[in-house]
Amino acid sequence: MKVIIGTDIQQAKAFLEQGNVVGIPTETVYGLAGNALDIEAVTKIFEVKNRPTFDPLIVHTNSIERLAEFVQFMPEKALLLAQKFMPGPLTMLLPKHPSIPDLVTSGLDTVAVRIPNHPLTLELLAILDFPLAAPSANPFGYISPTSTQHVAKQLGEKIPYILDGGECQIGLESTIVGFENDEVIVYRKGGLAIEEIEKIVGKVQVNEHSSSNPKAPGMLKSHYSPKKDLLIFKGEKFGNNTDKIGYLAFQKHHSEITKENQLILSESGDYKEAAKNLFAYMRQLDNMDIDKIYVELLPEKDLGRAINDRLKRAAVKL
Ligand code: AMP
Ligand code: MG
């Protein structure tokens, strides 16, 4: 199958109505979307991605009213966050309505819901009479895609259509929050900074989970990995032999490493720019003629926290 890349939402709609899966743009990363209410379509998503079915999917729709149909209820803080940040890079875990198949939520009694902030995908969602289940459009465990080229390269043989919405503007997966009693709990750091959430609902808890706590949002300990070994830079001295070393820096080049082997996330130290570049640069380094990639962690604030989370998960565990 040769994938079609285009901007025709009617064509995307037709494929989705037939139970096919389609690549869709969002502000975070590209999604691999299927009818969330159709078990065969959802099964296809897991197959195409090679994703284990214990890793639940996010349900996407285009308004808070429609979103409310897929959940049992919304706590007050959820409503406050929805009104402020939806559409946007925020996913909420809420008690699941029976209309959502168990396969979508891996049998959990909560469903992850989100309204993506991308004009083309919002238009598509508005003409569909079902929500879309969509994980990131990459093979399970690899770096998330932020352009149609990334999707086509890895999944182009397996899907019929990619809706082309250009480069993802945020470039990091959504921030995932849940609610317990009156508390907001962050399960995955992502494209909405925790500081922004705290402005609306006060102090939140951050759940640092690992593969030993799989209830947590897809956050297996090792994820987002390039094929090359990726290592966190801890002040190592490299000496002369740096031809085969790649380096991903926040603001400045590393003086010992060949300049062509280095990528800078944001020279001005802008976290948003760094987030937007992160996955594309990881892919670029993965395709260079080098043996391993060193990455620099960012300051633990703003989107630096989510970026560091992805880098640590991508790193080889020594
Ligand atoms: P992805 O779409 O690939 O970014 O993955 C979305 C993540 O959300 C997955 O890794 C899931 O584990 C997580 N997720 C989705 N639904 C739930 C849920 N009901 N409870 C906890 N985590 C969830
Ligand atoms: Mg993913």
Side-chain angles (χ1 to χ4, degrees), residues 21 23-34 36 42 45-61 67 70-72 74 78 89-116 118 121 131-146 150-151 154-155 168 170-180 184-192 206-226 275 278-279 282-283 306 309-310 313-314:
V21 296
I24 57 162
T26 82
E27 81 282 33
T28 60
V29 302
Y30 268 78
L32 181 67
V42 177
I45 297 175
F46 285 104
E47 282 171 4
V48 168
K49 257 191 86 92
N50 210 1
R51 178 173 173 125
T53 51
F54 62 74
D55 193 3
L57 306 176
I58 297 174
V59 173
H60 295 67
T61 189
L67 184 152
F70 309 120
V71 306
Q72 302 272 14
M74 271 205 191
L90 175 70
T91 295
M92 300 199 294
L93 303 177
L94 293 168
K96 156 188 170 326
H97 188 272
S99 60
I100 301 293
D102 288 331
L103 181 60
V104 171
T105 62
S106 305
L108 295 169
D109 53 14
T110 53
V111 58
V113 284
R114 169 166 127 77
I115 304 178
H118 191 290
T121 293
L132 292 175
S136 50
N138 54 310
F140 183 69
Y142 192 65
I143 305 163
S144 295
T146 54
H150 296 162
V151 183
Q154 292 185 301
L155 302 181
C168 299
I170 289 189
L172 279 179
E173 294 83 353
S174 56
T175 301
I176 302 183
V177 299
F179 305 87
E180 232 165 77
V184 177
I185 303 164
V186 172
Y187 287 100
R188 174 172 76 183
K189 296 170 194 163
L192 179 64
V206 182
N207 185 319
E208 299 282 3
H209 41 68
S210 67
S211 52
S212 59
N213 177 13
K215 170 203 154 53
M219 294 289 92
L220 300 167
K221 224 171 177 175
S222 174
H223 215 57
Y224 312 105
S225 309
L278 178 69
F279 289 141
M282 280 167 72
R283 280 174 188 257
D309 172 89
R310 301 302 184 274
R313 284 181 211 279

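Remember, it's 1-based here, ligands and their atoms both numbered in the order they're listed.
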Handout entry: Stepwise side-chain contact (heavy atoms from CB on, under 4.5 Å) check, T53 with L103
Key = CA-CA 7 Å; T53 51; L103 181 60; 4.1 Å; yes
Practice task
Identify which of R188, R51, E173, M92 has a heavy atom lying nearest to atom 3 (O) of ligand 1.
Solution key: R51
Fill in the blank from the handout: The single option from T61, T28, T175 that satisfies side-chain hydrogen bond (donor to acceptor under 3.5 Å, both in side chains) with R114 is T28
Handout entry: Numbering as shown, the atoms of ligand 1 that approach S136 to under 4.0 Å (heavy-atom distance)
Key = 1 (P), 2 (O), 3 (O)
Handout entry: For A134, the ligand 1 atoms whose distance to one of its heavy atoms is below 4.0 Å
Key = 2 (O)
Problem - ligand 1 N/O within reach of D55 N/O, cut-off under 3.5 Å - result: yes
Practice task
With heavy atoms under 4.0 Å as the rule, classify the contact between T110 and ligand 1 as side chain, backbone, both or neither.
Solution key: both
Practice task
Determine, stepwise, if the pair H150 / Y30 fulfils side-chain contact (heavy atoms from CB on, under 4.5 Å).
Solution key: CA-CA 9 Å; H150 296 162; Y30 268 78; over 6 Å; no
Problem - Residue pair S144 / E173, side-chain donor-acceptor N/O under 3.5 Å - result: yes
Practice task
Going by the side chain to side chain contact (heavy atoms under 4.5 Å, CB included) test, name the single residue among L93, L67, I58 that passes it with V113.
Solution key: L67
Practice task
For ligand 1, indicate whether the residue I176 contacts it via side chain, backbone, both or neither (heavy-atom separation under 4.0 Å).
Solution key: side chain
Practice task
State whether N138 contributes an N/O/S atom found under 2.8 Å from the Mg ion (ligand 2).
Solution key: no
Problem - Reported CD1-to-CG distance for the pair I176 and L192, which is rounded to 0.5 angstrom - result: 12.0 Å
Fill in the blank from the handout: For P135, the ligand 1 atoms with a heavy-atom partner under 4.0 Å come out as 2 (O), 3 (O)
